[in-house]
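Quick note: numbers below take in every heavy atom, side chains included, and nothing from hydrogens, waters or symmetry partners. Because the structure is predicted, anything quoted here is derived from the model rather than measured. Protein chains get the first letters and strands the later ones, always in sequence-line order, with residue 1 at the start of each.
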There are 2 protein chains.
Amino acid sequence: MSKFDIEISEVGPRDGLQSIAPIMTTADKKRWIKALADSGIPEIEVGSFVPAKVLPQLADTAEITQFAKTIPDLTVAVLVPNLRGAEGAIAAGADKITIPLSVSETHSLKNVRRTHEQMLQEVREIRALIDTLPVAERPKFEGGLSTCFGCTLEGNVPEDKVVRIAEALMEAGCDEVGLSDTTGFGSPLQVRRLTQKVWDAVGKQNLTGIHLHNTRGQGLANALAAVEVGLTTVDASMGGIGGCPFAPGASGNIITEDLVFLLESMGLKTGINFERMMIAREILQQALPGNIELYGFTPDAGLPKGFAMATPQF
Amino acid sequence: MSKFDIEISEVGPRDGLQSIAPIMTTADKKRWIKALADSGIPEIEVGSFVPAKVLPQLADTAEITQFAKTIPDLTVAVLVPNLRGAEGAIAAGADKITIPLSVSETHSLKNVRRTHEQMLQEVREIRALIDTLPVAERPKFEGGLSTCFGCTLEGNVPEDKVVRIAEALMEAGCDEVGLSDTTGFGSPLQVRRLTQKVWDAVGKQNLTGIHLHNTRGQGLANALAAVEVGLTTVDASMGGIGGCPFAPGASGNIITEDLVFLLESMGLKTGINFERMMIAREILQQALPGNIELYGFTPDAGLPKGFAMATPQF
């Protein structure tokens with residue numbers, strides 16, 4: 001019996017902290033990441049290998065990655081925007097590196113000033129770099145299909161375009177692709193339809209994860225659609241921090257705590273101990289700079305009377 | 001082509017306002033209800049026929065009901081706790097009256113100091129009263145299955161008990177029953193399973209509605225499950241007000257604005273004009289006493305660029 005039915009990938013240390021101007025100390029990040037792992041969260045996106053002047057909040061990503069790698073059984077994921085970032089990620093020992101590619105080229109040009117072809121060239125170079133490593137040391141290399149449910153600049157993003165970019169990412173050397181509702185445009189129908197279309201193009205084993213936002217309150221409804229259609233990794237952020245760097249304070253990411261309750265209430269094991277997750281939340285609340293308000297309904301309400309987590313509590 | 005795929009029943013004027021200690025003026029209630037109806041919301045629960053000393057916030061329910069009845073095409077719903085309340089509702093001309101019955105008898109005794117049998121006797125007497133009216137003047141009479149997903153006092157509520165109470169309500173004279181997740185315990189699996197079990201017992205045509213809470217953030221995921229299993233009426237509250245009278249400020253009800261976005265994003269017509277709904281929200285914000293914060297992600301984020309409502313906008 002597997003420990004997980006659904007793997008939650010906690011993105012708060014990267015997506016959450018990059019959205020908050022004040023900088024969490026390296027020591028606090030380590031405490032928080034350790035507590036997250038202790039609660040049973042199987043994967044944590046611990047940072048992003050971008051220049052410190054772009055995101056000073058994540059300037060310690062190499063050190064954090066190395067620290068996280070000392071935690072047993074934790075998948076240490078990082079974001080990289082390009083080959084240079086991948087070099088840093090590999091040097092630090094990351095288990096998984098994700099390069100986001102905006103399916104909306106307007107968004108790609110605005111965000112990273114690169115065309116699709118330029119981004120695909122980065123992917124090819126990262127693949128070549130990874131292939132120089134011994135097989136056992138190669139990180140998993142994911143291409144993130146950003147803005148694949150719609151774009152704040154372009155509006156509708158055609159699904160056939162998402163499929164083409166997914167194929168191009170795989171051809172350029174990614175091990176897998178992931179769906180990302182960067183803008184919070186997605187609906188449950190889109191989640192199902194797009195998952196199926198990308199599966200048809202690149203194979204079911206090569207798309208297992210989704211990154212959802214709660215921009216219009218639809219995050220957990222979309223997560224429900226995602227896990228029921230058969231995706232098995234769902235990104236979420238403790239306290240719902242982050243997900244929307246251009247709208248500080250707005251809840252962007254779906255909330256880890258509420259996602260865990262939703263999944264466990266359906267009998268889906270996340271491998272997470274609820275009380276320990278609350279300890280990690282407490283550490284985050286204490287360490288989070290800038291008096292940012294944490295979101296989350298389940299932490300306020302507590303678990304229902306008589307509720308049994310599907311995950312055996314350790 | 002029907003105007004609606006899903007009918008939203010707005011419960012804010014009853015469930016929302018009863019949860020807030022300060023009292024909204026009768027004039028403001030009328031303005032808000034008119035604006036809600038103008039936005040296309042097909043059904044509004046405008047109040048509760050309870051003694052004014054119990055809920056002074058709803059003391060003007062008779063006047064509000066009479067006012068709402070002057071609005072064309074609006075279904076005017078009210079809550080009644082007993083025969084006496086039903087007499088008031090019928091005198092005021094309500095189109096639909098709902099008597100809530102807590103499937104958890106502990107909760108029933110604590111909340112209305114009545115056993116199940118005493119509540120069923122009220123139902124029989126209300127049925128007898130309704131049957132004295134000319135057929136065209138009879139309100140629809142619903143039995144609300146409160147705490148049917150679990151109880152803060154009893155914990156688990158057996159599904160077979162929900163089914164038995166649903167049958168008993170129909171036998172005692174209700175025209176239909178509705179599911180109510182009073183405590184915010186429900187999961188999408190429970191929503192589907194319980195809907196099917198009650199359908200099997202009382203017939204699909206006699207259970208069409210559900211009242212969900214967002215206590216643990218699961219509200220819209222449960223709504224997704226509800227509409228996809230085939231329920232067609234979903235309660236919601238503008239700004240998410242109410243739903244949890246014993247925890248002021250807590251978001252209990254699911255948020256009308258976000259539910260509308262979710263449904264319309266799936267191509268399900270609610271009959272609602274989004275901009276007019278925002279006007280109704282603005283009126284609520286101005287009229288709401290006590291500086292209560294309105295919830296709602298979609299009002300903050302706005303509709304996605306290029307988004308087309310499934311409902312033709314009037």
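For B:R193, no part lies near chain A; criterion is any non-hydrogen pair under 4.5 Å. Only the side chain of B:L262 has a heavy atom closer than 4.5 Å to any heavy atom of chain A. Heavy atoms closer than 4.5 Å to chain A are found in the side chain of B:E228, but not in its backbone. Only the backbone of A:L153 has a heavy atom closer than 4.5 Å to any heavy atom of chain B. Contact of A:D300 with chain B is not made at all, since no heavy-atom distance falls under 4.5 Å. When heavy atoms are compared at a cutoff of 4.5 Å, B:L303 approaches chain A solely by way of its backbone atoms N, CA, C and O.
Here the straight-line distance linking atom NE2 of A:H213 with atom CD1 of A:I254 works out to 9.0 Å at 0.5 Å rounding. Atom OG of A:S39 and atom CZ of A:R281 lie 13.0 Å apart (nearest 0.5 Å).
Side chains of A:T183 and A:D181 form a contact here, defined as non-hydrogen atoms less than 4.5 Å apart. With a 4.5 Å cut-off on side-chain heavy atoms, B:V103 and B:K161 count as touching.
Note on B:G155, B:G306, B:C151, B:G267: by heavy-atom pairs under 4.5 Å with chain A, the leading option is B:G155. By number of non-hydrogen pairs under 4.5 angstrom with chain A, the leading residue of B:E154, B:E257, B:M266, B:Q190 is B:M266. Ranking A:G184, A:G150, A:A223, A:P188 against chain B, the residue ahead of the rest is A:P188, based on heavy-atom pairs under 4.5 Å. For the set A:P304, A:G219, A:S187, A:G217, the entry with the most heavy-atom pairs within less than 4.5 Å of chain B is A:P304.
Remark: aromatic rings of B:F261 and B:F307 are close, center separation under 6.0 Å.
Although no hydrogens or angles enter the test, the distance criterion places no donor-acceptor pair under 3.5 Å between the side chain of B:S9 and the main chain of B:V234.
Under a cut-off of 6.0 angstrom, the local environment of CD in A:E275 is sparse, with at most 12 non-hydrogen atoms contributed by other residues, nucleotides or ligands.
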